[in-house]
Amino acid sequence: MKNRLDAILMTTIDYCFDQGILSETSIPEYVIEIPNNPAHGHFATNLPMTLASSQRRRPLDIAKAIKDNLKDEEELLESVDIAGPGFINFKIRAEEWCGILSDIVRVKENYGRNDAGSGEKVLVEFVSANPTGPLHLGHGRGAALGDTLCRILSFCGYGVEREFYINDAGEQIRLLGESVFCRFRQIYDPDYPFPKNGYHGDYILDLARAISREADLNDLSQEDAIIYCAQKGREMMLEEIKEDLSRFRVAFDGWYSEMDLHRSALLQDTLGAIKEKGYLYEKDGALWIKTSGLGDDKDRVIRKSDGQFTYFASDIAYHLQKYERGFTKAIDIWGADHHGYIPRIKASLSAQGVSDEWLSVMLIQLVKLWAGGQEIRMSKRAGTFVTLRELMDDVGVDAVRFVFLMKNHESPLDFDIDLVKKEDSDNPVYYVQYAHARICSIFRKAEAEGVFVPDNPGDLSKHLVLEEELAFIRAMAGFPSLLKEICVTLEPHRLTYYLTDLAALFHRYFNLGTKISDHRIITGDKVLTQARLFLAEGVRTVIANGLNLLGIEAPEKM
RNA sequence: GCGCCCAUAGCUCAGUUGGAUAGAGUGACGGACUACGAAUCCGUAGGUCGCAGGUUCGAAUCCUGCUGGGCGCGCCA
């Protein structure tokens, strides 16, 4: 709709240029937006104001010139008004809006699907938790965010691949092995010393028990036993992580192991390529990459003087490898505490000629958990943290996802477990789901009376005349462009707000009928009832599609 | 000390990339079910958009400087 309006405006401007009504200049950036004040029409543009300086005329004069010469050949518009300091406000004819409603009901679960991202191939890397412990709240937030973003991207025509990078090389897996082995030994020898910086959670003991059931660790040398515990522990934790994610409705296309990266020649090859470009040098027995001058504030060590590669080395290799796999864009979702790594990763990429925009890093701020009015402080070191699994058990997947997706990922999130646990109106997820269930309930009621959602509703604009009814369609018409914007701004939380608003429109509309029976959806007039059922089906469709993109169920009953 | 993020109603947060009178939820108070689901709706109250400048037709939004909070600045992982 916005595009059609834009086309009318551009045709008009061209015409004004040709006729000398406006002096021919370049067209500045302008917007066509949906005003927040309904009195300002369905759409408004600031075009006259942006033209004012190059035209050297008053915005109001320009607005009048545009209005008087408007080329609305398809008769899209109901009214055109000049307002304020130089806005033009437009109203679209009801028939046009009703046409959109018909489209929605016709294409159903595909409404909103578009090809904005065609030709793009995006790799989204998220969660990427170390397999040294269970997923906790913070991982959950990243999982919900990444998953929903991927769903939206692919709905908008992007080729999307979801990847989980497994940090399974080096010290931390070793430490996992030592921690597990220690717990095993402590079964017989309670004084056996626990490794410094080891993992304290109860799950370590569970791992020790499970592993010792499968193999007799006493048959192995201590070193072999630790390695065995590390390998086995990694495998089991990864399995658990996969189970949790799958239950959280998050699927990955690829699991990329850092260990494999070390085993393959990739790390060496990558370093060789960087060396050829002249970005590597040796100093104090270590190998450095020259990232300073490429946006980083100092150079970074890639191989320590003890011969071990740093994690940063594999990070570079991994990201360059993503690039070589032919992705046109990469998105990483990291915890905000890693933000300091962005400049050095980008610097390393640009050393290989990869542009800055290729990689977008989304940072998620931390999650604070509240229960009983108190903040629950979490510490992985001390083993006191709430796992994603516990949270799903407690409050359910729908509620957890909704809360995570409600807020901008750049804002810290307070997760009030008591509030989310409550199965009543205080819980925000039910508001949207209830609207869906309520519509389904109306359909059941109508069917019982022999009235169904019509396949061909006829001339809707004759029957859908209430302002509330047309407001629905206008809101629904914005769904596809909202999704496209989310793909650019990477802000999935806007979908959550959109759905809440749409549900609010519906609840308000529904309640009109409790006062005035003529405003009920099911009325004595069959044709009117069918038109309203058709409208309700449109609303239901958009809510269902939106919830599906959020990974949240759209229940028919609650 | 340097860098990134944040600051909007009592609380938790939106704010359509610079638009017209800054909005929800929650909490407080008052209303609406003998017909489509009250997990809902309506009303009242609540604001110097952290502070001070600047940019322009126009600023919560952009720029600069402060204040306050979170995080990060290793040959750690």
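It should be emphasised that the depicted structure is a prediction, and the values quoted were computed from it without experimental measurement. All chains are named by letter (A, B, ...) in the order of the sequence lines, taking the proteins before the strands, and each is independently numbered beginning at 1.
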B/rC29 and B/rU67: how far apart are their C1' atoms, nearest whole angstrom? 36 Å
Pairwise C1' distance for B/rG47 and B/rG70, with rounding to whole Å: 25 Å
Looking at B/rA14, does its base get a donor-acceptor pair with the side chain of A/Asp501 below 3.5 Å? no
For RNA chain B, just give me the dot-bracket, please: Watson-Crick or G-U, both distances below 3.5 Å, ( ) intra-strand, [ ] crossing earlier pairs, | paired with another strand, . unpaired. (((((.(..((((.....[...)))).(((((.......))))).....(((((..]....)))))).)))))....
Encode nucleotides 70-77 of chain B as B, S and - characters from 5' to 3', where the letter depends on protein heavy atoms closer than 4.0 Å: B to the base, S only to sugar-phosphate, - to neither. -BSSSBBB
Using atom P of each nucleotide, how far apart are B/rG18 and B/rC33 to the nearest Å? 47 Å
Hey, is A/Phe87 doing a stacking thing with B/rA20, by the 5.5 Å centroid and 30° angle criteria? yes
Between A/Tyr165 and the options A/Tyr318, A/Tyr311, A/Trp334, the ring pair (Phe, Tyr, Trp, His ring centres under 6.0 Å) test singles out A/Tyr318
Taking only N and O in the side chain of A/Ser411, is any of them less than 4.0 Å away from OP1 or OP2 of B/rA14? yes
Mind checking if A/Lys557 touches a base, just sugar-phosphate, or nothing, with heavy atoms under 4.0 Å? base
Residues A/Arg540, A/Glu537: salt bridge by 4.0 Å N-O rule: yes
SB check A/Arg474 A/Glu467 (cutoff 4.0 Å): yes
So, does A/Arg508 get its side chain near the phosphate of B/rC42, meaning an N or O under 4.0 Å from OP1 or OP2? yes
Between A/Arg438 and A/Phe506, is NZ or CZ placed under 6.0 angstrom from the six-membered ring centre and within 45° of the ring axis? no
Considering every strand and a 4.0 Å limit on heavy-atom distances, what is the contact class for A/Glu485: base, sugar-phosphate, or nothing? sugar-phosphate
Counting the atoms with a prime plus P, OP1 and OP2 as sugar-phosphate, which does A/Ala446 contact under 4.0 Å by heavy atoms, base, sugar-phosphate, or nothing? nothing
Between A/Glu491 and A/Glu410, name the one whose nearest nucleotide on RNA chain B is closer to the 5' end. A/Glu410
In whole Å, what separates the P atom of B/rA77 from that of B/rU12? 38 Å
When the P atoms of B/rA60 and B/rG23 are considered, how many whole Å apart are they? 13 Å
Measuring only the P atom in each nucleotide, how far is B/rU55 from B/rC63? A whole number of Å is fine. 15 Å
Counting any heavy atom closer than 4.0 Å, what does A/Ala435 reach on the DNA or RNA strands: base, sugar-phosphate only, or nothing? nothing
Counting distance only, does the side-chain N/O of A/Asn511 pair as donor-acceptor with the main-chain N or O of A/His507 below 3.5 Å? yes
For A/Val180, does its backbone N or O pair with a side-chain atom of A/Tyr199 as donor and acceptor, under 3.5 Å? no
Less than 4.0 angstrom between a side-chain N/O of A/Asn36 and OP1 or OP2 of B/rA20, yes or no? yes
When you compare B/rG65 with B/rU44, how far apart are their P atoms, in angstrom units rounded to a whole number? 44 Å
P spacing across the pair B/rC73 / B/rA14, given as an integer number of angstrom: 26 Å
Base orientation of B/rC33, chi within 90° of 0 counted as syn, else anti, reads syn
Report yes or no: do A/Tyr341 and A/Asp315 form a side-chain donor-acceptor pair below 3.5 Å? no
Closer to the 5' end of RNA chain B via nearest nucleotide, is it A/Ser441 or A/Lys2? A/Lys2
Indicate whether any N or O donor in one side chain lies under 3.5 Å from an N or O acceptor in the other, for A/Asp525 and A/His463. no
How would you label the contact of A/Asp414 with the nucleic acid (heavy atoms, under 4.0 Å): base, sugar-phosphate, or nothing? sugar-phosphate
So what does A/Ala39 hit on the nucleic acid, given a heavy-atom distance under 4.0 Å: a base, only sugar-phosphate, or nothing? nothing
How close or far is atom P of B/rA32 from atom CZ of A/Phe510, stated in whole angstroms? 18 Å
Between the side chains of A/Tyr30 and A/Asp6, is a donor N or O closer than 3.5 angstrom to an acceptor N or O? yes
